[in-house]
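As the structure is a computational prediction, the values presented were derived from the model and not from experiment.
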Amino acid sequence: MPGGTSGPEGQEEGTEHDRVGYRGPTACAAAGITYRQLDYWARTGLVEPSVRAAGGSGTQRLYSFRDVVVLKIVKRFLDTGVSLQNIRTTVQHLRDSGFRDLERTTLMSDGATVYECTSPNEVHDLLQGGQGVFGIAVGVVWRDVEAALSQLHGERIDTGETLVGHHPGDELARRRNRAV
């Protein structure tokens, strides 16, 4: 995952989003999935935690912000009937591209195939085909995950400090959490 590119609303990646990890229950709550789904997807390699994998009894997986966004995308595809096989192919494609410009991507599907559209022209061309498609604007998912995680606990990756009600882009919340 490359850092230093501009995220939504002018936020710099490689900064706060990359310093906070989320435990399984928090990732589930933000993505709208069950812990059973999270565990299955991690064990089968669909969406593995990029911060810390479970390393035996007593250790907990730690998911990055981007991992949680991908979890929510997977959930949305499942809810619309896309096969798990096609979802795996899509997630692998996103992984292979290093999740570049994820928040500027629109993923479209006709139920059988998933298409990545990085410009309005690509979306328009796909819709001109006359087939029924649905889309996931990843930027919207990105903001939904930010809002959900702002109400939940995060963990600083470097120190392990628990951050309560942490919003990666909210300076006032960061100051309040330091004062607690």
Side-chain angles (χ1 to χ4, degrees), residues 1-9 11-79 87-88 90-92 94-95 97-105 107 136-180:
M1 288 179 246
T5 61
S6 182
E9 301 170 22
Q11 294 181 46
E12 283 292 312
E13 291 176 355
T15 59
E16 202 60 33
H17 281 304
D18 294 334
R19 292 185 197 140
V20 180
Y22 303 95
R23 293 180 182 211
T26 301
C28 288
I33 62 173
T34 66
Y35 193 84
R36 188 175 178 161
Q37 286 174 306
L38 180 79
D39 184 56
Y40 176 73
W41 295 346
R43 285 186 292 108
T44 61
L46 177 60
V47 182
E48 297 174 288
S50 63
V51 177
R52 182 176 65 218
S57 181
T59 63
Q60 292 192 17
R61 296 178 185 112
L62 203 58
Y63 290 84
S64 71
F65 175 81
R66 284 180 186 265
D67 295 338
V68 179
V69 170
V70 173
L71 289 168
K72 191 164 185 86
I73 290 168
V74 169
K75 167 74 165 131
R76 289 207 174 161
F77 275 131
L78 283 174
D79 288 349
I87 294 170
R88 284 185 188 285
T90 301
V91 171
Q92 187 59 50
L94 294 173
R95 188 178 293 126
S97 70
F99 297 103
R100 281 188 304 278
D101 294 325
L102 188 60
E103 65 278 11
R104 290 182 195 84
T105 300
L107 299 171
I136 297 175
V138 179
V140 173
V141 173
W142 186 283
R143 288 186 294 280
D144 287 351
V145 169
E146 279 183 329
L149 291 175
S150 73
Q151 305 299 314
L152 302 167
H153 300 307
E155 182 178 312
R156 281 190 54 103
I157 293 171
D158 54 351
T159 65
E161 170 192 6
T162 299
L163 303 170
V164 180
H166 175 72
H167 186 288
D170 185 356
E171 176 62 28
L172 183 57
R174 281 198 299 276
R175 289 180 187 180
R176 266 189 251 127
N177 287 333
R178 275 190 230 130
V180 173

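- Residues Phe65 and Val20 have side chains not in contact (no heavy-atom distance under 4.5 Å, counting atoms from C-beta outward).
- Leu38 and Gly24 get closest at one heavy-atom pair: CD2-CA, 3.5 Å.
- Residues Arg23 and Glu155 meet the side-chain proximity criterion, which asks for heavy atoms closer than 4.5 Å.
- Separating the CG atom in Leu107 from the CZ atom in Arg76 is a distance of 11.0 Å, to the nearest 0.5 Å.
- One distance of note links OH of Tyr22 with CG of Leu152; it measures 9.0 Å at 0.5 Å rounding.
- Residues passing the side chain to side chain contact (heavy atoms under 4.5 Å, CB included) test with Ala42, sequence neighbours excluded: Pro49, Arg61, Tyr63.
- In this structure, CG on Leu94 lies 6.5 Å from CD1 on Ile73, to the nearest 0.5 angstrom.
- With a 6.0 Å radius and a threshold of 12 heavy atoms from other residues, nucleotides or ligands, Arg43 has its CZ atom above the threshold.
- Considering every non-hydrogen atom in both Val69 and Val141, the closest pair reads O-CG1, 3.9 Å.
- Atom CZ of Arg66 and atom CH2 of Trp142 lie 4.0 Å apart (nearest 0.5 Å).
- By the 4.5 Å heavy-atom criterion applied to side chains, Asp144 and Lys72 are counted as neighbours.
- Taking CD from Gln92 and OG from Ser97, the interatomic distance works out to 10.0 Å, rounded to the nearest 0.5 Å.
- Checked by atom type and distance alone, the side chain of Gln37 pairs as donor or acceptor with a backbone atom of Thr34 at under 3.5 Å.
- Between Val47 and Asp67, the closest heavy-atom pair is CG1-O, 3.9 Å.
- A side-chain N or O of Arg88 and one of Thr44 form a donor-acceptor pair less than 3.5 Å apart.
- The two atoms that bring Leu62 and Val51 nearest to each other are O-CB, 3.1 Å, heavy atoms only.
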Lys75/Ile33 under side-chain contact (heavy atoms from CB on, under 4.5 Å): CA gap, chis, key distance, verdict:
CA-CA 7 Å; Lys75 167 74 165 131; Ile33 62 173; 3.7 Å; yes

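- With values rounded to the nearest 0.5 angstrom, Arg52 atom CZ is found 7.5 Å from Gln60 atom CD.
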Show your working on side-chain contact (heavy atoms from CB on, under 4.5 Å) between Arg156 and Leu163 and close with a plain yes or no.
CA-CA 7 Å; Arg156 281 190 54 103; Leu163 303 170; 3.6 Å; yes

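- When all heavy atoms are compared, the tightest approach of Ala31 to Val68 is CB-O, 4.2 Å.
- Counting heavy-atom neighbours within 6.0 Å of Tyr40 OH, excluding the residue itself, gives a total of 12 or less.
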